[in-house]
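So the structure is just underneath, and the comments pick up after that.
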Amino acid sequence: EPEVTQTPSHQVTQMGQEVILRCVPISNHLYFYWYRQILGQKVEFLVSFYNNEISEKSEIFDDQFSVERPDGSNFTLKIRSTKLEDSAMYFCASCAGLAGGAGGELFFGEGSRLTVL
Amino acid sequence: AQSVTQLGSHVSVSEGALVLLRCNYSSSVPPYLFWYVQYPNQGLQLLLKYTTGATLVKGINGFEAEFKKSETSFHLTKPSAHMSDAAEYFCAVSARNEKLTFGTGTRLTIIP
């Protein structure tokens, strides 16, 4: 069964370092998302990506964050200079159609846990 | 804008007992509602969703949920809990073709 895969499963980094989280969405999906979950808090939307550009982003997704789909298969989230408050579980998701409603189901990866020291 | 409130961050039920996980939503437009489950060390998996039509929705693993517009609720139920149901459950809402907004989750523990 097709699945969304994420690497690494856990990354520990020092504050101020750059981090890249990688995702391989399901191959025929067109819409890609990053969500994050700070420990004990809700799953929060970060960004959506379609047709090689950001379609929507939240207020969390500031200039420290960027996404790209460099090779048609990987979908990456980069955090340029990590802060302590970036420690969270980051989930990648993909969807064949527009998320929500009858447009399509979001398929989530297992998450990448980022710990910033 | 949409929001979701899940009442009870932790719920414990005995094996074989009724499971009831509560979700209330707020939406300025007709909502689309979802329940996702996260088993330990796994990603989020869709349990069921309501878009339009029948308000009682059946999902995987014997779960169902009922959309009640008058109560702005979408509670998740299962008649008889199984040990394998132990997981974190997330309610989510969206407007048509928009991003999902999640609740804070409810951790379900099954007591043998």
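Residue numbers begin at 1 in each chain, while the letters A, B, ... track the order of the sequences.
Cluster membership for L7(B) and V37(B), using ILVMFWY side-chain heavy atoms within less than 4.5 angstrom, is not shared. Criterion: ILVMFWY side-chain heavy atoms under 4.5 Å apart, direct or through other members. Under it, V13(B) and L76(B) are part of a common hydrophobic cluster. Both I60(A) and F49(A) sit in one connected hydrophobic cluster of ILVMFWY residues. Membership requires side-chain heavy atoms under 4.5 Å apart, directly or through other members. Hydrophobic clustering of Ile, Leu, Val, Met, Phe, Trp and Tyr side chains at less than 4.5 Å, counting indirect connections, keeps V93(B) apart from L46(A). L114(A) is connected to L84(A) through a chain of hydrophobic side-chain contacts under 4.5 Å among Ile, Leu, Val, Met, Phe, Trp and Tyr, so both are in one cluster.
The closest side-chain heavy-atom distance from L100(B) to Y33(A) is not below 4.5 Å.
Of the two parts of Q37(A), only the side chain, counted from C-beta on, holds a non-hydrogen atom closer than 4.5 Å to a non-hydrogen atom of chain B. Only the side chain of E56(A) comes within less than 4.5 Å of a heavy atom in chain B; its backbone stays farther off. Using a 4.5 Å cut-off between heavy atoms, Q38(B) contacts chain A through its side chain alone, with no backbone atom that close.
Of the listed residues (L33(B), L46(B), V4(B)), the greatest number of heavy-atom pairs within a distance under 4.5 Å of chain A belongs to L46(B).
A pairwise comparison of heavy atoms in F45(A) and K99(B) identifies CD2-CD, 3.0 Å as the closest pair. Nearest heavy-atom pair across V43(A) and F90(B) is CG2-CE2, 3.8 Å.
In R22(B), the CZ atom is not crowded: 12 or fewer heavy atoms of neighbouring residues, nucleotides or ligands sit closer than 6.0 Å.
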Item to check | F34(B) vs L106(A), side-chain contact (heavy atoms from CB on, under 4.5 Å): CA-CA, chis, key distance, verdict | outcome: CA-CA 11 Å; F34(B) 307 80; L106(A) 256 64; over 6 Å; no
